[in-house]
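Notes follow once the structure below has been shown.
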Protein chains: 2
Amino acid sequence: MDQLLDILKRNRLSVTDGRKKILEMFLKTPGALAHADIEKYTDAAFDRVTVYRTLQTFVDKGIIHNIPTSDNAILYALCKEECADGHHHDNHVHFICDTCGQTTCLDEVTIPEVKLPKGFRPQFSEMVVKGICAACQAKQ
Amino acid sequence: MDQLLDILKRNRLSVTDGRKKILEMFLKTPGALAHADIEKYTDAAFDRVTVYRTLQTFVDKGIIHNIPTSDNAILYALCKEECADGHHHDNHVHFICDTCGQTTCLDEVTIPEVKLPKGFRPQFSEMVVKGICAACQAKQ
DNA sequence: AGCAAATTTGCAATAATGTTGCAGGTTTTG
DNA sequence: CAAAACCTGCAACATTATTGCAAATTTGCT
Ligand SMILES: [Mn+2]
Ligand SMILES: [Mn+2]
Ligand SMILES: [Zn+2]
Ligand SMILES: [Zn+2]
């Protein structure tokens, strides 16, 4: 069975055109996507509201995770196998390229633990590194 | 001289009611603030636009820095002495409490370096830890 | 295939958030 | 104190996000 359908079925989601198209986009794209990217790619074939709801559904199901940023953009990227239904395990570093603007999941780079001041109990960490990505570096 | 005036003078900013009030709020607050917090605290005495512009000015001058989040809120917190005019040096970890919602600058906790895949050149890192803060832990 | 139930979508309305130009007001400079 | 520099508030506009509800689609079942 198609990977796309497999993911939707596994998460007990109805298979609809919008979900297929949006999920397809995530499977094809190496980096992260913002709401705006999806609207552009799908050529506004789906209502904005549908895109919002689809992204939220995918996050809830553990199909995609979001990436913290300092500006006001919410970015999303595909989760690996281990995430499921409300339990995310995306403890990898994210890289944002200053040159091309692309955000990459560095799945093989684990977020290091840090020693916190007395009394703080950590549960989950996020780390974003900015700089120049491998692709842009190679073009120099 | 008052700390408040000192900071404004040092950054060659006109001393206005709005800037005094907003800066005062940052000096008093242990955690981070969002635009909405400031509007609430100042009781809408200043126009929204003025608040936006004041925050932007403070960021430009290196008086405050912003903090990455996964949702759509931009948070701001005071910078330490070393930041100035467009050159931020806030390489500390931020902590977001799941219980009280407060975001804290852990100034003494430095963001660790990570080994990136071949070709990636890092320039700047951000790290956010979520969990239960010292204050909330103590109340248990 | 055909039908009923469950789910999803699009539309419209509304809210929240952020940006810009400009005239009038305030602060600074000397 | 006066002129210059700077800052603020208003209005208008733009973008982004949320909600309720009816129509459309998908699913589960015969
Ligand atoms: Mn990721
Ligand atoms: Mn900080
Ligand atoms: Zn790049
Ligand atoms: Zn707390």
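All values reported here derive from a predicted model rather than from experimental measurement. Note that these values count all heavy atoms, side chains included, but never hydrogens, waters or copies made by symmetry. In the text below, chain A, chain B and the rest are named by the order of the sequence lines, each starting its count at 1.
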Ordered by number, residues from residues 16-26 of chain B within less than 4.0 Å of DNA chain D (heavy atoms) are B/T16, B/R19
Chain A contact limits on DNA chain C, taken 5' to 3' with a cut-off of 4.0 angstrom to heavy atoms: C/dT7 to C/dG18
Could you check how far [atom1] of [X] sits from [atom2] of [N], rounded to whole Å?
{"X": "B/D47", "N": "D/dT8", "atom1": "CG", "atom2": "P", "answer": "10 Å"}
{"X": "B/D60", "N": "D/dC7", "atom1": "CG", "atom2": "P", "answer": "12 Å"}
{"X": "B/I74", "N": "D/dA17", "atom1": "CD1", "atom2": "P", "answer": "12 Å"}

Is a salt bridge present between [X] and [Y], judged by a nitrogen-to-oxygen distance below 4.0 Å?
{"X": "B/K130", "Y": "B/D98", "answer": "no"}
{"X": "B/K21", "Y": "B/D17", "answer": "no"}
{"X": "A/E24", "Y": "A/K28", "answer": "yes"}

Heavy-atom donor-acceptor pair, B/N11 side chain to B/I7 backbone, under 3.5 Å: yes
Is the B/Y76 to B/F58 ring centre distance short of 6.0 Å? no
Please confirm whether B/H35 and B/Y52 have ring centers closer than 6.0 angstrom. yes
Residues clustering with B/V128 (ILVMFWY side chains joined when closer than 4.5 Å, directly or via others): B/I96
When you get a sec, tell me which of D/dG9, D/dT18, D/dA17 is the closest nucleotide to the side chain of A/V49? D/dT18
Out of D/dT27, D/dA17, D/dC21, whichever nucleotide has its closest atom nearest the side chain of A/R53: D/dC21
Both A/A45 and B/V15 contact DNA chain C. Taking the nearest nucleotide for each, which residue is further toward the 5' end? A/A45
So if I apply the side-chain contact (heavy atoms from CB on, under 4.5 Å) rule between B/L55 and each of B/I63, B/I74, B/I38, which one comes out positive? B/I38
